[in-house]
Amino acid sequence: MGGRFWTSIYLIFVAWPLSGLIGSDVDPVTAAATVACVLAFCGLYLRIVWTALPRPHRDHAPGLLVLLYALAAGPAAPLGQEWLFVAVFFLITALAVALPPRAMPVGVALTVGGLIAGIVLVGGSLADDWWIPVQAVLFAGALHGFLEARRSNAELRRARTRAERLAVDNERLRFARDMHDILGHSLSVMTLKSQLAGRLTTVDAERARAEMAEVEELSRQALAEVRHAVAGYRALHLPDEIDVARNALAAAGIGAEIAARPIPDDAASLLAWVVREGATNVVRHSRARRCRIRCGTENGLAYVEITDDGGGPDAETEGSGLRGLAERLQAADGFLRAHRMPGGGFRLLAGLPVAEESA
């Protein structure tokens with residue numbers, strides 16, 4: 001919708017050459033035909049551009065471009081150079097969105113050639129009006145660069161999405177292998193011992209009870225191993241999250257200042273979530289130019305502080321992720337404070353108590 005809006009709003013400029021009909025000596029029939037031709041040109045332009053925008057360079061009616069050029073030539077005689085100057089920008093835009101990139105230079109060359117011929121035919125002078133074709137060439141170059149940048153960004157987003165999906169799939173596969181390794185052996189042994197205990201029930205009740213006691217112990221061990229694996233699966237590493245935050249801030253054009261001192265492992269995993277959530281909020285919501293991340297230990301407290309010079313998220317918003325973080329930190333006897341600073345900017349501070357000897 002944004003692309004359709006911006007490609008449509010500029011049609012208001014066709015009113016400039018049409019205003020030349022007011023008070024001119026053009027007969028009413030010619031004036032009416034000229035207005036109708038201009039309106040048809042605008043409608044066909046919208047049809048071509050709106051059709052091509054959702055899936056660029058897949059216009060199902062490329063022959064309509066020829067008709068668009070014919071409609072552009074129609075009002076040239078009564079409206080003069082003003083119309084040629086305005087129409088050429090819409091023609092180049094239609095070319096850019098409806099044709100493959102490799103065909104763009106040829107289309108622009110033919111368009112500029114037709115523009116020069118049109119200026120001469122309506123009585124203009126290239127010595128005086130040379131700037132009109134130059135403007136058209138410059139506009140075509142700028143538009144081509146803009147569309148190429150958009151295509152490159154779209155490809156980058158798709159590649160990033162594929163990489164993220166692959167990483168998730170690999171992590172799921174790793175976790176499935178871990179669960180198989182943890183539970184496969186334990187469950188197999190438990191199955192064999194349960195079958196043996198069932199056969200021994202009427203033969204040797206004492207041994208059957210011993211076998212079932214071993215089954216119970218094996219189940220406890222398997223449960224502990226699963227819990228340990230799940231805890232490790234959800235754990236984050238603070239240095240890794242700081243590196244990810246640094247890269248994300250740089251990609252968003254936000255200057256990063258990072259001062260990271262060692263934090264005990266028992267607190268670092270939870271505080272790594274603070275770095276992830278805080279850096280994500282800075283990138284997505286703050287519109288900041290600079291961000292500072294500090295972490296370390298002081299007076300028996302492991303802390304992470306993230307400040308920026310932007311607006312920051314609403315700390316009271318349920319969907320911001322901060323509420324869930326605050327609850328997790330509070331459950332570990334820590335705290336999370338998020339607020340806008342008086343001089344401007346946003347501050348996120350999280351702390352967890354650590355043993356004095358760890359600090």
Side-chain angles (χ1 to χ4, degrees), residues 2-26 30-31 33-50 52-53 56-57 59 62 64-152:
R4 290 181 173 180
F5 173 79
W6 287 113
T7 53
S8 305
I9 191 65
Y10 291 109
L11 285 173
I12 192 173
F13 287 106
V14 302
W16 172 45
L18 282 176
S19 64
L21 292 176
I22 302 174
S24 67
D25 55 357
V26 177
T30 302
T34 300
V35 172
C37 193
V38 170
L39 293 178
F41 173 86
C42 295
L44 185 58
Y45 164 80
L46 291 178
R47 192 276 182 203
I48 293 173
V49 174
W50 284 22
L53 274 177
H57 316 306
D59 187 5
L64 293 179
L65 281 173
V66 178
L67 180 57
L68 186 69
Y69 275 77
L71 291 173
L79 298 182
Q81 300 170 38
E82 290 83 358
W83 167 252
L84 293 175
F85 173 70
V86 170
V88 71
F89 293 102
F90 297 108
L91 292 174
I92 291 174
T93 302
L95 283 177
V97 298
L99 292 182
R102 62 181 178 275
M104 183 70 174
V106 177
V108 171
L110 293 175
T111 302
V112 174
L115 174 64
I116 294 173
I119 292 174
V120 174
L121 291 175
V122 298
S125 170
L126 288 179
D128 297 328
D129 302 321
W130 58 269
W131 57 273
I132 296 180
V134 170
Q135 288 259 14
V137 172
L138 293 176
F139 174 75
L143 184 59
H144 179 70
F146 171 73
L147 293 177
E148 283 299 312
R150 283 192 61 185
R151 279 189 287 270
S152 298

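Sorted by first and then second residue, the side chain to side chain donor-acceptor pair (under 3.5 Å) pairs with a member in residues 74-87 read Gln81-Asp129; sequence neighbours excluded. A ring pair (Phe, Tyr, Trp, His ring centres under 6.0 Å) check over residues 105-132, counting only residues at least two apart or in different chains, returns the pairs Phe85-Trp131.
Within the model, atoms CD1 of Ile48 and OG1 of Thr93 stand 11.5 Å from one another, a figure rounded to the nearest 0.5 Å. Separation of atoms CG (Leu84) and CD1 (Ile116) is listed at 11.5 Å; rounding is to 0.5 Å. Here CG of Leu44 is found 5.0 Å from CG of Leu68. Values are rounded to the nearest 0.5 Å. Note that CG of Leu11 is 4.5 Å distant from CZ of Phe90, once rounded to the nearest 0.5 Å. Here CZ of Phe89 is found 10.0 Å from CZ of Phe13. Values are rounded to the nearest 0.5 Å. How far CG of Leu143 is from CG of Leu95: 9.5 Å, rounded to the nearest 0.5 Å.
Applying the side-chain contact (heavy atoms from CB on, under 4.5 Å) criterion to Ala136, with sequence neighbours excluded, gives Val88, Ile92, Val112, Leu115. In this structure, Tyr69 has no ring pair (Phe, Tyr, Trp, His ring centres under 6.0 Å) partners at least two apart in sequence or on a different chain. Taking the side-chain hydrogen bond (donor to acceptor under 3.5 Å, both in side chains) definition, one finds that Thr34 meets it with nothing, sequence neighbours left out.
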>> side chain to side chain contact (heavy atoms under 4.5 Å, CB included) for Val108 and Phe139? Distances and angles first, verdict last.
In response: CA-CA 10 Å; Val108 171; Phe139 174 75; over 6 Å; no
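A pairwise comparison of heavy atoms in Leu71 and Pro75 identifies O-CD, 2.9 Å as the closest pair. Taking both residues in full, the closest heavy atoms of Cys37 and Gly74 are given as SG-CA, 4.2 Å, listed atom of the first, atom of the second, then distance.
Taking 4.5 Å as the limit, some side-chain heavy atom of Leu79 sits within range of a side-chain heavy atom of Val38.
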